Amino acid sequence: MLINTVILFLKDALPIFILAALLIASLKQQKLPITWLFKGIFSGALLMSLISYNFDFISQAAQGSGLERLFAKMYLLIYLIILVHFSYLIIMNKFLGKDKRLISSPVLLITSPTILALVIGLNGANFLVYFTGYFSQSGAIQPLLLGIVLGLGISISIGILLYFFLIFVDEHLSPKLSLISLILFGAGQLNQASNLLHQIDLLSGHNLLWDSNFLIEERSELGYFLTALFGYDATPTLVQFFVYITVVLLPIGGILFLKKQQWFTSRIKKFQEKAL
Amino acid sequence: MKKMFTLSKVNKHYACIVKISFVIAFGLKSFSVSAEKPEFVLEIKDHLFNPTEVIIPVNKKVKLVIYNRDNTPEEFDSFDLNREKVIFPNKKTTIFIGPLPKGRYEFFGEYNPNSARGAVIVKPQTEISHPLLNQANLNKDNLEPASSNQISLLKPKLGYSEVEHVN
């Protein structure tokens with residue numbers, strides 16, 4: 001039970017710590033009060049308890065597909081908010097240059113904790129069902145708690161390592177790596193949503209495109225990490241592949257397209273002049 | 001005049017985005033097929049899957065109904081099938097799998113991975129000898145024999161008919 005608890009905790013907690021590292025790294029240059037992190041954790045814990053408490057009811061709703069429908073919508077919401085967060089930071093960084101006074105704006109103070117809260121709520125609820133379900137079993141409490149402590153230690157370590165790696169790359173190689181990683185994380189979340197929609201037959205086309213398990217096994221440690229980081233899937237379907245590529249390229253292409261638009265750049269400059 | 005031109009350009013782009021969104025939305029909706037799928041039943045008891053092997057036809061989407069008869073929750077998980085679903089104690093759940101090529105696709109109970117293990121075996125229809133008599137293939141669509149004699153012949157072989165009346 002100890003090893004199983006560690007694996008389950010890692011699987012559910014790793015995306016949370018990876019997201020926290022990505023968000024903190026993407027906001028490092030900005031003058032944003034760190035309170036957003038605590039707000040996100042607190043709201044996430046509330047959401048997690050709420051979903052977990054109603055898990056049974058939700059899973060039986062909509063002819064047994066309630067949970068998939070709710071989770072798919074939440075994954076979509078996460079991606080959309082990440083998109084706002086990403087676009088805002090890119091645009092503001094581009095047009096404000098080194099003057100970051102505007103960056104500590106209400107937009108980021110809303111998007112950052114909301115993304116974190118949604119990811120904690122989604123992933124935490126699954127683990128809470130396991131924890132509460134096996135908590136009352138005799139002799140289970142010790143391996144459960146020990147498993148959580150070990151899993152927490154590993155997750156925190158991975159989160160810290162990822163944060164320092166992103167900071168290093170942002171400062172020395174490419175200043176946009178943490179933002180692009182954030183978009184990939186969002187695309188990974190949408191990939192989870194398409195899996196859920198396949199599962200309840202709301203999305204068809206299950207023909208597998210390839211099987212890369214021989215390269216990186218999805219159930220391996222690296223597989224778990226890559227799944228949490230950018231939604232690695234060893235056996236994607238055509239629909240999943242199409243959705244993934246679209247949601248990654250759309251924001252990047254959109255930003256490149258907007259940057260070339262005269263009306264857009266002049267509007268941003270006017271906005272900047274007024275604000276400063 | 002310049003402002004009007006800018007606005008019309010914005011509207012043009014906006015209209016383009018809306019059109020693309022509609023195409024994507026309706027395109028995805030058209031992927032969804034609501035036709036009846038063959039149904040297979042799986043049971044979790046004492047942290048074990050029963051049957052341990054589910055034989056399904058090749059290239060066909062099927063409905064898998066999973067009953068959890070334990071007093072603890074269980075999570076049906078399969079990396080091969082890309083499926084994951086929590087089943088509460090004494091509840092049932094439904095997932096769709098396939099269409100799949102011929103092969104063996106393993107699944108396990110994530111909360112008890114050492115004991116709860118099984119596999120979906122995908123075979124061509126011709127290789128599935130007697131789908132009606134195969135315990136692994138409780139196909140509800142095929143469980144309506146023409147005569148009552150057939151029912152009496154089939155009943156002792158089908159160990160999962162009682163599953164239908166739970167929940």
Side-chain angles (χ1 to χ4, degrees), chain A residues 1 3-5 7-8 11 55-57 59-60 63-65 67-68 125-126 129-130 132-134 136-137 140 192 194-208 211 213 217-219 223 233-240 242-243 246 250 254 257-258 261-264 266-267, chain B residues 2-3 5-7 9-10 13 17 20 24 27-35 37 59 61-66 70-89 91-101 103 105-106 108-114 167:
Chain A
M1 182 164 245
I3 294 168
N4 199 35
T5 307
I7 293 169
L8 279 170
K11 198 181 152 202
F55 214 95
D56 189 18
F57 168 74
S59 62
Q60 297 299 317
Q63 295 173 325
S65 65
L67 208 60
E68 281 91 345
N126 267 337
V129 168
Y130 169 74
T132 50
Y134 288 83
S136 54
Q137 279 197 339
Q192 308 257 31
S194 55
N195 253 341
L196 292 176
L197 295 178
H198 274 306
Q199 186 162 295
I200 54 168
D201 201 26
L202 268 181
L203 208 60
S204 196
H206 192 267
N207 295 326
L208 304 179
D211 187 348
N213 269 311
E217 207 179 349
E218 210 177 319
R219 69 185 84 181
D233 195 336
T235 51
T237 64
L238 182 67
V239 177
Q240 277 178 298
F242 172 75
V243 170
T246 309
L250 205 70
F257 173 77
L258 282 176
Q261 301 303 304
Q262 198 61 44
W263 60 269
F264 181 74
S266 59
R267 183 167 288 190
Chain B
K2 199 180 174 185
K3 199 176 179 184
F5 173 74
T6 317
L7 276 173
K9 212 170 179 183
V10 174
H13 288 136
I17 290 166
I20 292 167
I24 292 169
L28 287 180
K29 203 172 168 79
S30 68
F31 276 118
S32 173
V33 185
S34 58
K37 310 284 184 315
N59 291 329
K61 183 167 269 194
V62 301
K63 188 176 177 182
L64 193 62
V65 183
I66 311 159
D70 285 333
N71 293 321
T72 48
E74 186 55 90
E75 186 169 342
F76 176 89
D77 201 329
S78 172
F79 289 101
D80 298 345
L81 296 163
N82 267 341
R83 294 291 177 266
E84 193 176 23
K85 185 142 188 181
V86 173
I87 315 148
F88 267 72
K91 291 279 164 67
K92 70 165 186 174
T93 194
T94 306
I95 59 167
F96 290 85
I97 52 172
L100 294 162
Y105 301 84
E106 296 201 349
F108 60 96
E110 199 169 29
Y111 298 164
N112 298 280
N114 295 328
N167 296 311

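Order of the sequence lines sets the chain letters (A, B, ...), proteins ahead of strands, with each chain counted from 1. Source: prediction; values computed, not measured.
- When heavy atoms are compared at a cutoff of 4.5 Å, B:Asn59 does not approach chain A at all.
- When heavy atoms are compared at a cutoff of 4.5 Å, A:Glu217 does not approach chain B at all.
- Between chain B and the residues A:Thr235, A:Leu197, A:Leu8, A:Asp56, the largest count of heavy-atom pairs under 4.5 Å involves A:Asp56.
- The backbone N or O of A:Glu218 sits less than 3.5 Å from a side-chain atom of A:Asn213, completing a donor-acceptor pair.
- B:Glu74 contributes a side-chain N or O that, together with a main-chain N or O of B:Glu110, makes up a donor-acceptor pair within less than 3.5 Å.
- Only the side chain of A:Asp233 comes within less than 4.5 Å of a heavy atom in chain B; its backbone stays farther off.
- Counting heavy-atom pairs closer than 4.5 Å to chain B, the top residue among A:Gln63, A:Arg219, A:Gln60 is A:Arg219.
- Without hydrogens or angle criteria, B:Thr94 side chain to B:Val65 main chain gives no donor-acceptor distance under 3.5 Å.
- In this structure, the portion of B:Asp77 lying under 4.5 Å from any heavy atom of chain A is its side chain and not its backbone.
- Remark: the backbone N or O of B:Pro73 is not paired with any side-chain donor or acceptor of A:Tyr130 at under 3.5 angstrom.
- Here the side chain of A:Gln199 pairs a donor or acceptor atom with the backbone of B:Glu84 at under 3.5 angstrom.
- Side chains of A:Gln240 and A:Thr237: a donor-acceptor N/O pair is present below 3.5 angstrom, by distance only.
- Interface residue B:Tyr111: backbone and side-chain heavy atoms are both found under 4.5 Å from chain A.
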